[in-house]
Amino acid sequence: MYQEVILDHYKHPHGRGLRPGDAEVHHVNPTCGDEITLRVKYDGSRIEDVSYEGQGCSISQASASVLNDLLVGKDLAEAQKIQEVFLELMQSKGKLEPDDAMEEVLEDAVAFAGVSKYPARVKCALLSWMAWKDATAQALGAGTDAERKTA
Amino acid sequence: MYQEVILDHYKHPHGRGLRPGDAEVHHVNPTCGDEITLRVKYDGSRIEDVSYEGQGCSISQASASVLNDLLVGKDLAEAQKIQEVFLELMQSKGKLEPDDAMEEVLEDAVAFAGVSKYPARVKCALLSWMAWKDATAQALGAGTDAERKTA
Amino acid sequence: MTALPGLLDTETLRKDFPILERALHDGKKLVYLDNAATSQTPRQVIDVLSEYYEQHNANVHRGVHVLAEEATALYEGARDKVAEFINAPSRDEVIFTKNASESLNLVANMLGWADEPYRVDHETEIVITEMEHHSNIVPWQLLSQRTGAKLKWFGLTDDGRLDLSNIDEVITEKTKIVSFVLVSNILGTHNPVEAIVRRAQEVGALVLVDASQAAPHMPLDVQALQADFVAFTGHKMCGPTGIGVLWGRQELLEDLPPFLGGGEMIETVSMHSSTYAPAPHKFEAGTPPVAQAVGLGAAVDYLTAIGMDKIAQHEHAITEYAVKRLLEVPDLRIIGPGTAEDRGAAISFTLGDIHPHDVGQVLDEQGIAVRVGHHCARPVCLRYGIPATTRASFYLYSTPGEIDALVDGLEHVRNFFG
Amino acid sequence: MTALPGLLDTETLRKDFPILERALHDGKKLVYLDNAATSQTPRQVIDVLSEYYEQHNANVHRGVHVLAEEATALYEGARDKVAEFINAPSRDEVIFTKNASESLNLVANMLGWADEPYRVDHETEIVITEMEHHSNIVPWQLLSQRTGAKLKWFGLTDDGRLDLSNIDEVITEKTKIVSFVLVSNILGTHNPVEAIVRRAQEVGALVLVDASQAAPHMPLDVQALQADFVAFTGHKMCGPTGIGVLWGRQELLEDLPPFLGGGEMIETVSMHSSTYAPAPHKFEAGTPPVAQAVGLGAAVDYLTAIGMDKIAQHEHAITEYAVKRLLEVPDLRIIGPGTAEDRGAAISFTLGDIHPHDVGQVLDEQGIAVRVGHHCARPVCLRYGIPATTRASFYLYSTPGEIDALVDGLEHVRNFFG
Ligand SMILES: Cc1ncc(COP(=O)(O)O)c(C=O)c1O
Ligand SMILES: Cc1ncc(COP(=O)(O)O)c(C=O)c1O
């Protein structure tokens, strides 16, 4: 599961650090103590920045870095599409072989395919993505997705 | 376990019915619903009467009849001795073969030896004896033995 | 051998149950008619239990190692199976407990500690029935004593059915919860859910159905029942001891407070305060009965492979035959519905004035296992003015031949004490 | 192979545990170092479980038939075994629960509903420690929220021991209950019972000892402990899942109110009120985990045959060796006592800034099962400013060779993330 790409993002995370944003959330993975504080900044429906601070394993850290790469600069609708495809991949229990179309959407994030075989680690990979979804709902006041409490 | 003696006492119980007494208790076997109301009448330390009313299986009914036979007219100390020997027999899990000495003390009650093999029925056989002990403690204000609540 | 329509192939099926081969008292064959107390366990379930301990045992939910992931997958897989078995809208609505009693207590305690609109307090009322198992009486008595809520109940008709004639007075605007048994373990009565649910919904009361004697014996569809909670227990449905289920509607499980606190049920803990995991984990404190849940999953597979509708049909045929044969025994009085209509496969009776304890003992000497006593439903005995009953209860492996053996045994009992 | 004094004959003994033969990830041999989470199950226990279901299965306490009497004798026999194992003055002081968490919640709830002098209310205080398992924190937080009682705790010293320097301020005349862990599951610390019990007795507070990590590993004598309650869990001591124990002093069990209501725990029930059976039954509502209690009895037999003192000696030798070898690994920091004195066989550590999840995963790839995370003791992680730890924990079948494998594995982890 430890693809070169993942280790790279872990050792050299992209966009790490907290910068001003429209909303901030704090998410925890209760089973292992991974934590992330994440802020989103929107310019209309365009994602201007996703900044974060956190502690956790290589998977959760690398995943946040990949998220930053993939989502910053995108329009919300497109970002949601990416998030959904990533979620699908992570919930595939190792049974999904990413095809070209998926690789086009997920870029580096396809490296996480192997993680989906390990249920305990799927939560790590999804931590930042769930936090982003939640922060987005708060920032845009949209929808009913903020069911996870933030501290 | 159904010795002739037991069936006889069951079909023709001795001393059944409630007569005046110094104390009355009501005991229940919660697992099966056997019930007994029992009164003792003392003349000093001599047992003048043990009267009872109840519903229950052949074992509990026969045991009350045998108790009446054995204890009425006896002195308290002697009755307690009998009660202890009966208790010992009933708790023997079928491993005690009553000897002559025991037969002398327990008379008809040795027929209950077979019952001691059946844990669920031991409670039936002991119901009236426990009630007698409790009633005696109440009548004579003696001791700390009245731990079972009476209704 | 009597041939009845709708019977299962018990000859084949009984081979799955090692205990049915047991000989008792110098070679008498076991005739097991105490299925309402607990069912026997098929080889398929016993093997799954052994395999769990031999191959996959680990604590669940917390590990990254292979065994922990396997154990977690097996445990959560059992939840999926149970959810499907009862047609739950979501697997997260299935809570594993240790038995039906814990499930019932769990609901009582949730409501006692809940916020409005669920909170049971001294201004509110709880409704049960006179035919409940003690496990669906005592938790409500405790809740009533501890909160001041008023405990009310439906009485019984002479033929062993719920008396719903005063339903509008029993269930009122003050009622917060109505808890009742789907199939009575003592009377066998199958209760009319719809009428009760309709009235409960009218006044906004929650409904808890005790399906302990239903889940093992018939198709159970929690959505069709329209209840809010359904409780049942593993050991009566070919599963192991030590496992029970509470199903509850998701919104309720989200809103209601936890009961037992500890590992597994938390989201994050500090010394000053804690937050809780989402349901079902919120209600599963500590290391769950992992192997037992897995065993229950195997039991569900076993029952499903045979088919719950076929099992219900089999038991109905057996019950019909048993009612007919039992009523041939002189002095025998059935306590509960006197026909096989709307009734489960447990039949209670008295036999003249021979005490049930004696009936049971003499039957046992012939290898026939029945239950005697008040069957944890003493109010029913009080209601019918009897100290206890003898109860014969059947399951998927019961045969007409076993009914015949019971009837012969009862004749012997009558002669013995006659 | 390293030879250490005091080791058990693990070569023979490991043959009792089928799972230790398992090969993982293309033939790697399982190195199971997650015993503080759950222990593995010997053949002797697995067989007793199968035999129970194949030969003796019935509901307990209610039947006059052979199977019911056998099942009852087995279940109550297990109570005798457990009572002897912990040197309980009376078998009636042993309550079977589903796990240690239920045992701990049971005490919290007894005290919340008790009359004076035991009642916990808004004028009283509860004392725990910062090294408790969540199962000994959350029940007290819930009780505190629900009664208004104040929750206090002992802090920890830098080397992972209880800071009792302010014991007279923490335990006061207002304290009703002091609940603490005998051996910590995360730090391994073995706590000084005597000092705490003495102070608690001075102020008339009750003492509950969480012996979940002690009962499996050393002789446990509840009389010597002088506590009022002792809780532990079956699955950590070679027993099945789904079974726990609460031992309590008889007078207390008589005085304190029941918790769960239902079948088995009653004396007599009417619709209007009920009375309760004497302990232990008062606290065992519903069909108990019968097979699991019997399995725990078999586990107790297994451990006793080996000898709890010998097991303690073995684990001490293993722990001493493990501490020494682990401290040779660069960047490895033990969280908890840095020697084998007064500590159990669970060792938590961090490895530079490599996250425990990654440590555990890479070890798993080599067949080595350790636990990573906060081990249901998150306040300890907060106290030492770390997100989580890696924990290796040993048992009677652990070998020096497995410690060596762990140390080699950790070197591999360092290289991988280096
Ligand atoms: C110290 C301690 N207390 C309590 C528990 C809870 O035990 P269980 O999960 O079996 O309820 C555990 C184990 O998980 C433990 O290590
Ligand atoms: C109708 C009913 N409800 C509840 C129960 C309680 O189940 P358990 O003893 O498994 O908790 C039983 C069985 O004993 C039952 O028959």
Side-chain angles (χ1 to χ4, degrees), chain C residues 18-19 22 24 37-38 40-41 46 49-50 53-55 57-59 62-67 98-99 101-102 105 130 133-135 137-139 141-142 153 235 240-242 260-263 266 269-271 274 285-287 289-292 357 360-361 364 369 371-373 376 378-379 382, chain D residues 18-19 22 24 37-38 40-41 46 49-50 53-55 57-59 62-67 98-99 101-102 105 130 133-135 137-139 141-142 153 235 240-242 260-263 266 269-271 274 285-287 289-292 357 360-361 364 369 371-373 376 378-379 382:
Chain C
I19 208 169
R22 249 201 81 170
L24 309 168
T38 204
Q40 293 304 341
T41 324
I46 301 173
L49 290 172
S50 297
Y53 290 115
E54 286 167 11
Q55 298 285 331
N57 181 46
N59 212 321
R62 305 178 197 162
V64 296
H65 59 76
V66 179
L67 295 181
K98 69 174 171 178
N99 54 25
S101 302
E102 186 190 350
N105 279 276
E130 205 175 358
H133 189 279
H134 292 164
S135 292
I137 298 176
V138 184
Q141 289 180 336
L142 286 170
W153 55 87
H235 66 91
T241 60
L260 303 180
I266 54 92
V269 173
S270 76
M271 294 307 287
S274 302
T287 304
V290 184
Q292 292 73 42
H357 251 194
Q361 193 86 47
D364 174 63
R371 182 117 318 199
V372 299
C376 294
R378 187 165 171 274
L382 294 178
Chain D
I19 207 170
R22 247 201 82 170
L24 310 168
T38 204
Q40 293 304 341
T41 324
I46 300 173
L49 290 172
S50 297
Y53 290 115
E54 286 168 9
Q55 297 286 330
N57 181 46
N59 212 320
R62 304 178 198 162
V64 296
H65 59 77
V66 179
L67 295 182
K98 69 174 170 177
N99 54 26
S101 302
E102 186 188 350
N105 279 276
E130 206 175 356
H133 188 278
H134 292 163
S135 292
I137 298 176
V138 184
Q141 288 179 338
L142 286 170
W153 55 86
H235 65 90
T241 59
L260 302 180
I266 54 93
V269 173
S270 76
M271 293 308 286
S274 302
T287 304
V290 184
Q292 293 72 44
H357 252 195
Q361 191 87 47
D364 175 62
R371 183 119 318 200
V372 299
C376 295
R378 188 164 171 274
L382 294 177

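Each chain gets a letter, A, B and so on, in the order the sequences are listed, and its residues count up from 1. None of these values were measured; they are calculated from a predicted model.
Closest of all the heavy-atom pairs between D:Gln361 and C:Val64 is N-CG2, 3.9 Å. Between C:Ser274 and D:Val138, the shortest heavy-atom contact is OG-CG2, 4.1 Å. The heavy-atom pair separating D:Gln40 from C:Tyr53 by the smallest distance is OE1-O, 4.4 Å. Taking every heavy atom of both residues into account, D:Pro240 and C:Gln292 meet most closely at CB-NE2, 4.5 Å. Closest approach of D:Ala369 and C:His65 over heavy atoms only: CB-CG, 3.4 Å.
Partners of D:Ser135 under the side chain to side chain donor-acceptor pair (under 3.5 Å) rule, at least two apart in sequence or in another chain, are D:Ser101, D:His133. For C:His134, there are no side chain to side chain donor-acceptor pair (under 3.5 Å) partners at least two apart in sequence or on another chain.
With a 4.5 angstrom heavy-atom cutoff, D:Asn99 touches chain C only via side-chain atoms. For C:Gln141, the part lying under 4.5 angstrom from a heavy atom of chain D is the side chain only. D:Leu260 touches chain C through backbone and side chain together, each having a heavy atom under 4.5 Å away.
Listed for the C:Asn59 side chain is a donor-acceptor partner under 3.5 Å among the backbone atoms of D:Ala37.
Interface summary for chain D: among C:Gly360, C:Pro379, C:Cys376, the most heavy-atom pairs under 4.5 angstrom belong to C:Pro379. Each of C:Asp364, C:Ile266, C:Thr241 has some count of heavy-atom pairs under 4.5 Å with chain D, and the biggest count is that of C:Thr241. Between chain D and the options C:Thr41, C:Leu49, C:Ile137, C:Leu382, heavy-atom pairs under 4.5 Å are most frequent for C:Thr41. Per-residue counts of heavy-atom pairs under 4.5 Å with chain D were compared for C:Thr38, C:Val290, C:Asn105; the largest is that of C:Asn105.
Looking at heavy atoms from C-beta onward, C:Glu54 lies out of side-chain contact with D:Arg22 at the 4.5 angstrom threshold.
C:Glu102 contributes atom CD, which lies 3.5 Å from atom NZ of D:Lys98 (distance to the nearest 0.5 angstrom).
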